[in-house]
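Got a structure for you, written out below as structure tokens; questions coming shortly.
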Amino acid sequence: MSTSTPSESGQNLLAEMAKIPVIIPGKVCPRLGAGGKTNGWKLQRWHSGRNQTRYIPAELVEKVKEGTAGHQRFMSLAEEYVEIKGQEAMRAIRSVPDSKKKPMRR
């Protein structure tokens with residue numbers, strides 16, 4: 001198990017995020033034709049309050065799938081980073097001495 005500090009962990013996460021080669025938000029779905037047959041692929045994503053669809057040429061499907069997997073990985077790492085930074089902030093808040101607090105008025 002790693003014994004790195006939260007700050008080091010945050011830097012490691014940022015470095016790992018930077019190594020993701022392709023990041024494409026959305027989901028790759030089959031285009032269904034008549035009779036339910038797949039006749040192509042499309043990229044769907046939610047953007048500006050609307051569902052957007054882009055059709056993907058067959059030769060780019062694997063690259064787009066790699067990009068959507070990269071986006072999922074990026075978002076997972078981003079959540080971890082936010083959690084670490086939030087814990088650091090809460091530790092800093094808890095370390096403020098009580099002597100600086102003013103008594104409450106009743």
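Keep in mind that the numbers below use all heavy atoms, side chains included, and drop hydrogens, waters and symmetry copies. No experiment lies behind these values; they were computed from the predicted model shown.
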Checklist entry - Can you tell me how far the CE atom of Met75 sits from the CD1 atom of Ile23, to the nearest 0.5 Å? => result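 Spacing of CE (Met75) from CD1 (Ile23) equals 10.0 Å.
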Checklist entry - Between atom CG of Leu13 and atom CZ of Phe74, what is the distance when rounded to the nearest 0.5 Å? => result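 Here the interatomic distance stands at 11.0 Å.
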Check: residues 44-54 side-chain donor-acceptor pairs under 3.5 Å, at least two apart:
| unit_1 | atom_1 | unit_2 | atom_2 | d |
| --- | --- | --- | --- | --- |
| Arg45 | NE | Gln52 | OE1 | 3.4 |

Next on the checklist: Quick test of your reading: applying salt bridge (charged side-chain N to carboxylate O under 4.0 Å, His left out), list the pairs with at least one residue in residues 19-35, sequence neighbours left out, ordered by first then second residue.
Outcome noted: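 Output for this query is empty, none listed.
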Next on the checklist: So, using side-chain hydrogen bond (donor to acceptor under 3.5 Å, both in side chains) as the criterion, who are the partners of Arg73 when residues are at least two apart?
Outcome noted: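 Counting only residues at least two positions away or on another chain, Arg73 forms a side-chain hydrogen bond (donor to acceptor under 3.5 Å, both in side chains) with Glu16.
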Checklist entry - Cluster partners of Val82, using ILVMFWY side-chain heavy atoms under 4.5 angstrom, listed by chain and number? => result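 Traced through the cluster, Val82 reaches no other member.
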Item to check | Any Trp41 side-chain heavy atom under 4.5 Å of Pro30 side chain | outcome: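 A side-chain contact under 4.5 Å exists here.
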Next on the checklist: Give me each pair satisfying side-chain hydrogen bond (donor to acceptor under 3.5 Å, both in side chains) with a member in residues 80-89, each pair once, sequence neighbours excluded.
Outcome noted: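 side-chain hydrogen bond (donor to acceptor under 3.5 Å, both in side chains) check on residues 80-89 returns Glu83-Gln87, Lys85-Glu88.
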Next on the checklist: Could you see if Val64 belongs to whatever hydrophobic cluster contains Val22? Use Ile, Leu, Val, Met, Phe, Trp, Tyr and a side-chain cutoff under 4.5 Å.
Outcome noted: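 Yes: a chain of side-chain contacts under 4.5 Å links Val64 to Val22.
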Next on the checklist: How long is the straight-line distance from CD1 of Ile24 back to NZ of Lys65, given to the nearest 0.5 Å?
Outcome noted: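 Rounded to the nearest 0.5 Å, the NZ-CD1 separation comes out at 12.5 Å.
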Next on the checklist: Would you compute the distance between atom CD1 of Ile84 and atom CD of Glu8 and round it to the nearest 0.5 angstrom?
Outcome noted: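 So the gap between those two atoms works out to 11.0 Å.
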List, one per line, each side-chain donor-acceptor pair under 3.5 Å for residues 56-63, sequence neighbours excluded.
none

